[in-house]
Structure formats: structure tokens, C-alpha cells
Amino acid sequence: MANAFENKSPQGKILSFGELLLRICPDASGQWLHDNQLPFFVGGAELNVATALALWQLPSAYFTALPDNELSTQIDDYLRAKNIDTSSIHKHGDRIGLYYLTRGKDIKNNALIYDRANSAFAGLKPDMVNWGKVLDGVSWFHFSAICPAISEDVAAVCSEVLEAASARNITISVDLNYRSRLWKYGKHPIDIMPGLVEHADLIMGNVWAAETMLGIPVAPDIHESGQQSIYLKEALQTSQAIMAQYPKCKAVANTFRFDAGKGIDYYTALYTADKLHHSKQYETDKVLDKVGSGDCFMAGLIYGFYNQLDAQETLEFATAAAYTKLFIEGDATNLTAAQITNAIKP
Ligand SMILES: O=C(O)C(=O)C[C@H](O)[C@H](O)CO
């Protein structure tokens, strides 16, 4: 069966929209102070998506805001060398956002420190950007729940660009990536996200994010058995509830990533055309870098739907993309589409 996006979009650019962040990586022992060295990576959830798509030979474009200075020019050159179209990057403001993450740690703990207040992206306001120009030639628009978590103004900008993209019949995807360290401006995700998600054709996240952001409840005893079949049943219910609540939505994807000692167990589900697909389960007892694995899954879904793969092929590609990212240091994948296809679990 062909996929749910088949007749939706002509094959234009895929524009990822979000804040570029530099990740600074101190080591846990403080050796960086003695060595005068702090490793870093270029990141930001939506840029990680754009980077993967460009590497996989799709027409990938990226919108962010950066200050008009020499550092931004170097970053711009770096992204263009990766075949990312940066022509719509908005130059204003004074800062590039940073985050510090202790080497080898996950963003879901105290090892994460944000230093992104007053960044150029956080300074975006409605009516500042000509969206007609930015969206010219775009057939797919991707954003994530990190953007509206930054400030009320940025949430309003998200709404503005989504209205413009919807009016142009552009396919829209969203990653419900919940960052509890953000959302500090007096609004909760549930106040903002439903109004943005209503524009989305493809919604990716997990059942807990759907609860926090869209108010779709998760069974309270879900962790009791730990069985895959119970989690998949929950994925089905959450997906059906999302589809009922958001009539524009054509596909919902959920990931399940559980810590297992120093490693993880990982599998995913995709609901589309009234059917729940699930991936193979991947297991590993060690992981190098979890950052950006979810972004890679998102990019894999876009890759599959854009290339008209069927739903199961799309899901297996996206899952292998996310899983293989766990062994790559840095924010984005460096594996080609062919390498990922070869890594799909038989
Ligand atoms: O938290 C953010 O805003 C980031 O973009 C940092 C990481 O790039 C992101 O969490 C990875 O998904």
C-alpha cells in the first residue's frame, strides 16, 4: 500500500524550523579545566533532522535565527557544505544559544545546562519574518515542541508560520519532544501545543508526551507488566485518540526507549490508514550518545514518507536510523541512507 502522504505534496524542499544550539561537552571529572579544551557539537533538534535529510540526499532547508557576525558566517558555511539550504536563516540579535551536557550523559538529567536566554532565535517575534518568502518552494515543514517551549513570542511565531504553511497546503510534521527545563514563561504545553498540532499531518512522540502536551491519558498501570504488547496497545489508543482530535493528521508515530542497565531496549510504532505497524525490537548493553536519536527517527519518517516508501518500510528505516545514532558521538547522524537500510534488523 502506498503511504498516506502520496498525493499530498509535490516534491519541494523540506524546511526544518528551530533553534540552532551549540552543545558544549565538559567531562564529569573536570579535566577540561586542566586541558583548556571543551569539545562541542553543532546541534538543535530540528537542525539534526535537516542534517540527516541532507545526508540522505533530500532537498533539505533550515530556518533559524542567528546574529549577524563572523561565527554565524562560519556556521552557515559549515551547514551549506552539508548540502543544507540556509538561505532563509534570519540574521538579527546578539547570541547563539548554547547547552552544556556532560560527556556520556543523557539530556534527561542534571548533566544538562541551558544557556540560551536572549538568543537570536528566542528574540523572534510575530511579523518579523516574511513567511511567504521563507516557504517558497517548500513542500514539507517540520517543527518540534521545543520551539514553543522557549517563550510566548516564539510560540506565537510558530503559530504564524504554521498558519502560513497550512494555507500553502504544505505537509507539516511535529515532534512532541518534551523538555521539562523549558516551558518557564507561565504557560504549560497543554495550553499551547493543541493549537499548533492541529496543523500537523504527521505527529511523532511517545504516549507520555501525548499525555503532557495534548491531554491524552496513559493507562496508570502501564509499567506494571513491561510487556511490549501492552505498550503497543497504548500506542494504538493514543494514536487513535490523536487522529480523532486532530482531523488533519494522517499518521502518528510513537517510540519506546527503555533503559536496560547501561544500554537500552528500543522499538517504535506507526499508526496510519487505520493500521498499527510496529518495528523490530533493538537491544544494546551500551550506548555512546543518546542525543539526537529521536531527531533521527523523525528524519527517518520524513525520508520514508517523502520517498513514498510504504508504512512498514518507513518505520523500519526510521527505527534503524534512530538506533544507529546511539553509537555516533555528536548531535546528528553521519550514516548514509544506504548504511541505515543495511542496519535494519532482519
Ligand atoms: O533541547 C534542545 O533545545 C535541543 O535542541 C538540544 C538537543 O539538540 C535536542 O534535545 C536533541 O533532540
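Heavy atoms only, all atoms of each residue included: Phe297 and Ala253 are closest at CE2-CB, 3.9 Å.
For Thr255 and Asn206, the side-chain atoms include no donor-acceptor pair closer than 3.5 Å. Between the side chains of Thr336 and Gln339, at least one donor N or O sits under 3.5 Å from an acceptor N or O.
No close placement of the Phe141 and Trp131 rings is indicated, their centers lying 6.0 Å or farther apart. Ring-centre distance between Phe63 and Phe17: below the 6.0 Å cut-off. Aromatic rings from Tyr231 and Phe256 are positioned such that their centres are separated by under 6.0 Å.
Around CG of Asp94, the count of heavy atoms belonging to other residues, nucleotides or ligands within 6.0 Å does not exceed 12. A 6.0 Å sphere centred on CZ of Phe40 holds no more than 12 heavy atoms belonging to other residues, nucleotides or ligands.
Note that the CD1 atom of Ile172 and the CG atom of Asp201 stand 6.5 Å from one another [nearest 0.5 Å]. The distance from atom OG of Ser173 to atom CG of Leu301, rounded to the nearest 0.5 Å, is 8.5 Å.
Under the 4.0 Å criterion applied to side-chain N and carboxylate O atoms, Arg103 and Glu329 are assigned as salt-bridge partners. By the 4.0 Å N-to-carboxylate-O rule, Asp77 lies close enough to Arg80 to be salt-bridged with it. Salt bridge annotation for Glu198-Lys248: absent, with no cationic side-chain nitrogen under 4.0 angstrom from a carboxylate oxygen.
When Ile146, Asp295, Thr64 are each tested for a side-chain contact (heavy atoms from CB on, under 4.5 Å) with Glu46, only one passes: Ile146. Partner of Lys290 under the side-chain contact (heavy atoms from CB on, under 4.5 Å) criterion, out of Arg257, Lys325, Lys105: Arg257 alone.
For Asn83, there are no side chain to side chain donor-acceptor pair (under 3.5 Å) partners at least two apart in sequence or on another chain.
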